[in-house]
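Once you've had a glance at the structure underneath, I'll fire off some questions.
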Amino acid sequence: MCILKAMAEPKSPPESESGSDLRLCAFCRSIPWAEVTTGPFNPRKAPLEFGNLKSGEHNLGAAHAAAAAGTCELCALIVMGSRSLKPWWPIAHLLGQPQELTHAFWSRRNRIGGSAHSRRLAQVDLLLDEVYAGARPGYRSDSLTIQKFLDELVERGISLDGKGTANAGAGGGKGGVGGGEEEKKSVNTSLNRVHVVAGVSPVDWTDQTFMQLHPCVYPVPSVDEYVRGEAPFTVFPTGRLVNSVVNIGLLRKWYVTCVSTHGEKCAQPPWLSPDTSWPAKFRLIDVRRWCLVEASDPCRYFALSYVWGDEKSPFQTTSGIRDALKTPGSLRNHPIPKTIIDAMELTKEMGADFLWVDRLCVVQDSDLDQAVQIPQMDLVYSCAAMTIVAASGTAVDGLAGINSTPREVKQQTARVAQDLSLMDVLHLDQSYEDSRWTTRGWTFQEGLCSRRTLIITPDQIFWSCETGKCCESIAFEDFPTAVAPNDIIFNVLTGHRVFGNFGGGNNFAYAELNSMVQSYCSRKLTVQADALDAFTGVLRRVALNTGHEFYWGHSVSMRFDESLAWSNIVWYGEHEWKGQGVPERRREMHRVRSSEGAVHEVPFPSWSWLGWKEALGVTRIAPRQVMLEPELNIMRLSMDGKAVPLCSHPGEKKLESVSEINMCGIDSSTSAGWKGATAIDPSLLHQNDKDGEFKDSGRLLFWTSHAVLSVDEEGKIYSDAKEEIGELKQFWPYQVPKPAGKHSFIVVSRMHDDNSSKVLRAQRRLNVLAVEWDDPVQRVASRTCVGDVHEETWIGLGEKREWILVTLA
């Protein structure tokens with residue numbers, strides 16, 4: 001008989017409240033679960049391994065026996081979890097022999113709340129110091145010293161959260177349930193994240209994790225109790241039971257709490273400038289009257305972020321029916337997808353009147369309307385009072401658990417003490433991770449630009465704002481925890497990625513652009529021509545926050561020449577390599593829309609990361625913000641072949657360098673050996689009064705140094721005299737052969753060493769692009785890959801070099 005409790009609905013407490021009715025084996029009974037899961041984390045009780053503490057290990061075969069005999073609830077839970085073990089080394093050949101395997105309980109502390117103590121727990125520098133201390137006994141640092149001091153304060157019961165005695169665990173009172181006013185002042189400042197790890201004894205913390213145990217008070221409270229205000233007080237965020245039907249009252253509570261108590265941090269986060277304008281020519285759905293309305297004045301509305309899916313003829317607003325859809329009730333006469341209908345109902349139940357949905361609020365066949373709407377996507381989502389993220393399917397699947405849309409909730413718990421149960425939460429956000437929403441290009445900026453987000457997955461709903469994170473299964477409401485810019489999400493809350501994918505005060509900083517581009521490139525686009533449009537909102541928000549101006553995804557405000565030398569760093573094991581894509585040119589045409597709605601199409605440029613598909617490891621497209629004079633005079637080219645400066649208003653905005661620059665003795669004389677005159681002939685310059693509006697071609701025009709060189713199979717670059725000059729930078733997985741043979745190379749910039757955070761050092765090396773000639777006569781080239789060369793040996797090529805005017809397509 002299996003005694004595992006699959007608790008999808010609330011259950012009544014047993015008649016006996018003593019510990020005598022616990023069904024635990026001797027091993028599981030021997031572990032002080034209240035201390036391990038909810039007590040103060042004492043790193044000096046036992047030796048830590050890189051910040052992890054071991055609480056015991058047990059033979060998995062013995063757990064199978066106890067589960068089969070019905071004598072241990074926790075063993076039954078562990079046996080069920082062990083079914084998800086992967087055939088990984090070193091236990092792959094033992095998966096069918098549980099008696100040969102051992103499982104261990106490893107814990108480490110994660111940050112919750114915002115006290116002086118908890119704010120230190122997830123910082124990158126402290127984590128690195130813990131790693132060093134684990135590898136080098138006796139290692140000391142300021143971070144470790146401060147953390148030790150804070151830990152000692154906690155052990156002495158000195159408050160660090162301003163709410164009374166610190167860290168009263170489940171051992172005090174009634175399992176952490178406050179019985180008196182004094183107890184209610186105390187909450188934990190860290191969360192002990194307990195992993196169940198399988199391996200061969202002795203089990204190390206790096207072995208395969210197959211469960212994560214989260215504490216729950218017993219009897220386990222339900223979401224309904226929290227909505228009714230009947231939930232028990234706990235000093236830790238207890239797990240709770242979730243119904244198949246979403247209790248909208250909990251979602252409303254999250255939203256109202258944020259609006260009424262979080263203040264400017266959520267209403268006006270740092271990345272949203274105070275002078276943010278209202279979207280132009282804005283339309284919304286009136287969810288009560290079922291029609292479109294013009295929203296020329298600011299009002300409260302929600303926005304929907306979802307995946308269109310594979311509908312053959314999706315209903316959408318077009319020029320022919322736009323006006324008719326303004327008639328009250330008109331939307332009821334059309335086949336509106338279930339996800340949009342559910343979002344309308346949810347918006348109404350949350351107390352809002354208006355909802356923005358792209359397919360209905362943007363005229364899909366109007367270039368004029370799209371010319372207005374697409375560049376302001378950041379405004380649409382950042383001005384929304386809340387964004388509903390439909391991560392439970394596509395447009396036709398509905399919002400799970402809402403408006404009669406079904407959902408299946410699976411929660412497994414095991415009682416381990418008189419007033420304590422454990423819940424497996426390892427896969428808390430697995431359905432979010434597996435959702436199509438996380439893979440689509442358009443949804444990236446929609447989530448990033450939202451102030452408040454409700455993430456609806458097939459079995460769980462998450463909340464994110466700038467102040468806190470919540471979910472249905474764990475009562476985080478009384479432990480508001482923000483994810484700071486220097487946090488590692490693995491060490492915050494329960495460590496699940498969903499809590500770090502939304503919100504964060506460092507959004508849209510220029511220093512974050514590299515990571516944002518890399519995350520975006522890992523997503524898919526149904527229409528490849530949307531590559532720039534789907535990222536325009538992010539670029540616009542970064543521009544507004546930092547003063548940078550962008551051109552095809554690259555900043556033209558500083559070090560644009562070095563950003564042309566971006567690379568693609570990816571690595572696949574042999575077992576992962578099969579079926580992986582390799583970088584290739586994006587051949588679709590981008591539609592350039594003028595403010596008046598005029599459209600012309602241009603190819604995606606080879607020099608930009610936007611011009612490539614399957615480049616999943618794009619890096620160095622945003623060099624550190626240091627103001628440098630470029631070696632070359634690179635200009636933008638119009639459709640009629642006329643050039644303009646990279647910056648629309650050169651000299652108007654002066655950015656400040658974030659690091660010092662050390663030229664290391666390099667000056668204009670250093671490059672004189674390979675560089676000629678860089679000025680563009682005046683006849684090639686665009687003049688507005690003569691040439692009219694500048695129509696972008698996506699091409700660059702500049703004078704540069706060119707040479708034909710050889711590349712060997714290892715990517716080394718050689719001259720005809722067999723002298724090594726440089727090497728190609730990583731661009732393809734190592735399984736892909738390097739492009740050996742003769743190649744044309746052009747210089748784009750000088751290299752700088754930015755490994756130091758304080759000083760940028762100039763180098764006597766040059767960034768070069770390997771190019772193919774689209775038009776050898778007119779010198780029109782396309783980038784194929786990137787490399788770097790020694791400046792001295794490049795100069796030494798002599799007559800093998802030539803100074804040419806290049807159009808880089």
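Index from 1, following the sequence.
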Taking the side chain as everything from C-beta on, heavy atoms only, tell me whether P630 gets closer than 4.5 Å to F560. no

Is W803 reaching over with its side chain to a backbone N or O of A677, donor-acceptor style, under 3.5 angstrom? yes

Which residues satisfy the salt bridge (Lys or Arg N to Asp or Glu O under 4.0 Å) test with D696, sequence neighbours excluded? none

Below 4.5 Å, heavy atoms only, C-beta onward: do S671 and E791 meet side chain to side chain? yes

For W205, what residues pass the side-chain hydrogen bond (donor to acceptor under 3.5 Å, both in side chains) criterion, not counting sequence neighbours? none

Partners passing side-chain hydrogen bond (donor to acceptor under 3.5 Å, both in side chains) against T678 (at least two apart in sequence or in another chain): none

Mind checking what makes side-chain hydrogen bond (donor to acceptor under 3.5 Å, both in side chains) contact with K738, not counting sequence neighbours? none

Hits for side-chain contact (heavy atoms from CB on, under 4.5 Å) against Y572, two or more places apart or cross-chain, chain-then-number order -> V570, E576, W577, Q580, L616, P733, Q735

Residue list, side-chain hydrogen bond (donor to acceptor under 3.5 Å, both in side chains) with R541, at least two apart or on another chain: D378

In terms of heavy-atom contacts, does CD of E660 have more than 12 from other residues, nucleotides or ligands at under 6.0 Å? no

By salt bridge (Lys or Arg N to Asp or Glu O under 4.0 Å), D530 pairs with (sequence neighbours left out) none

Checking F550 now: which residues fulfil ring-ring contact (aromatic ring centres under 6.0 Å, His included) with it, not counting sequence neighbours? none

Backbone of N767 reached by a side-chain donor or acceptor of S749 within 3.5 Å: no

Which residues share a ring-ring contact (aromatic ring centres under 6.0 Å, His included) with H790, sequence neighbours left out: none

Under the rule for salt bridge (Lys or Arg N to Asp or Glu O under 4.0 Å), what residues qualify as partners of K695, not counting sequence neighbours? none

E601 side chain to V592 backbone, donor-acceptor under 3.5 Å: no

How would you list, by chain and number, every residue that makes a ring-ring contact (aromatic ring centres under 6.0 Å, His included) with H590, sequence neighbours excluded? W552, F604

Between N568 and F731, which heavy-atom pair has the shortest distance, and what is it? ND2-O, 2.9 Å

Could you pull out all residues at least two apart from R559 that satisfy salt bridge (Lys or Arg N to Asp or Glu O under 4.0 Å)? E562

Donor-acceptor under 3.5 Å (Y510 side chain, P623 main chain): yes

I want to know whether H706 and W674 have ring centres closer than 6.0 Å. no

Is the distance between the ring centroids of W437 and F502 under 6.0 Å? yes

